[in-house]
Amino acid sequence: MDYGLLVMGAPYSQPAPHSALRFAHAVLARGHRLVGVFFYHDGVHNASMLMTPPQDELNLRDAWKALHKEHDVALDVCIAAALRRGVISQSEASRHGHDAFNLEAPFELTGLGQLLTLQRRCDRLITFAS
């Protein structure tokens, strides 16, 4: 079965991202396929490379990156939600005249159309919100 995840919760303030990550690993361990993850609303903060949790805590951003590296899972970030919340790629920072950015590959800024594409490509789209 093909799964997709919609992550809408902010890291470290809501359980949604951690639950989504655990679910992703469980799905893959059972032999299913994870087509992609779409970060929306406050979930876009999972992609910020400025997140620096204490060393004895799970770094959620690094965990999402590892999931991408190990299983080739797309990590799409809603561009509208991200820009509103100060999560910005290098190209968008340049386009908007900002000196800094905090989002880089494998996270990719995309539109809501990518969420619809993800929904069509998978058998189940599971939402993780606050």
Checklist entry - Applying the 4.5 Å side-chain criterion to the ILVMFWY set and letting contacts propagate, would Leu6 and Val87 be lumped into a single cluster? => result no
Next on the checklist: How close do Gly9 and Gln14 get, counting heavy atoms only, and between which atoms?
Outcome noted: CA-OE1, 2.7 Å
Item to check | Residue pair His45 / Pro11: nearest heavy atoms and the distance that separates them | outcome: CB-CD, 3.6 Å
All N/O donor-acceptor pairs, side-chain side in residues 107-126, below 3.5 Å, sequence neighbours left out:
residue, atom, partner, partner atom, Å
Thr117, OG1, Gly113, O, 3.1
Thr117, OG1, Arg120, NH2, 3.4
Asp123, OD2, Asp2, N, 2.8

Item to check | Hydrophobic cluster membership, Ile88 vs Met49, 4.5 Å side-chain cutoff | outcome: yes
Checklist outcome for this item: Correct closest heavy-atom pair for Leu58 and Pro53 would be O-CG, 4.0 Å
Next on the checklist: Looking at Asp56, I'd like to know if its CG atom is crowded, meaning that more than 12 non-hydrogen atoms belonging to other residues, nucleotides or ligands lie closer than 6.0 Å.
Outcome noted: yes
Next on the checklist: When you measure from the side chain of Asp62 to the backbone of Asn59, do you find a donor-acceptor pair of N or O atoms at a distance under 3.5 Å?
Outcome noted: no
Sequence neighbours excluded and cut-off under 3.5 Å, please list the side-chain donor-acceptor pairs for residues 35-42, or say none.
residue, atom, partner, partner atom, Å
Asp42, OD1, Arg85, NE, 2.7

Next on the checklist: Using the rule that Ile, Leu, Val, Met, Phe, Trp and Tyr join whenever any side-chain heavy atoms are under 4.5 Å apart, tell me whether Val44 and Leu75 fall into a single cluster.
Outcome noted: yes
Item to check | Heavy-atom closest pair, residues Ala16 and Ala129 | outcome: CB-O, 3.4 Å
Checklist entry - Rounded to the nearest 0.5 Å, how far does OG of Ser48 lie from CG of Asn102? => result 4.0 Å
Checklist entry - Just how far is it from atom CG of Leu103 to atom CG of Asn46, taken to the nearest 0.5 Å? => result 11.0 Å
Pairs of donor and acceptor atoms involving the side chains of residues 17-30, under 3.5 Å and at least two apart or interchain, shall be tabulated with distances.
residue, atom, partner, partner atom, Å
His18, ND1, Arg22, NH1, 3.0
Ser19, OG, Pro15, O, 3.1

Item to check | Cationic N near anionic O, under 4.0 Å, Glu104 to Arg61 | outcome: yes
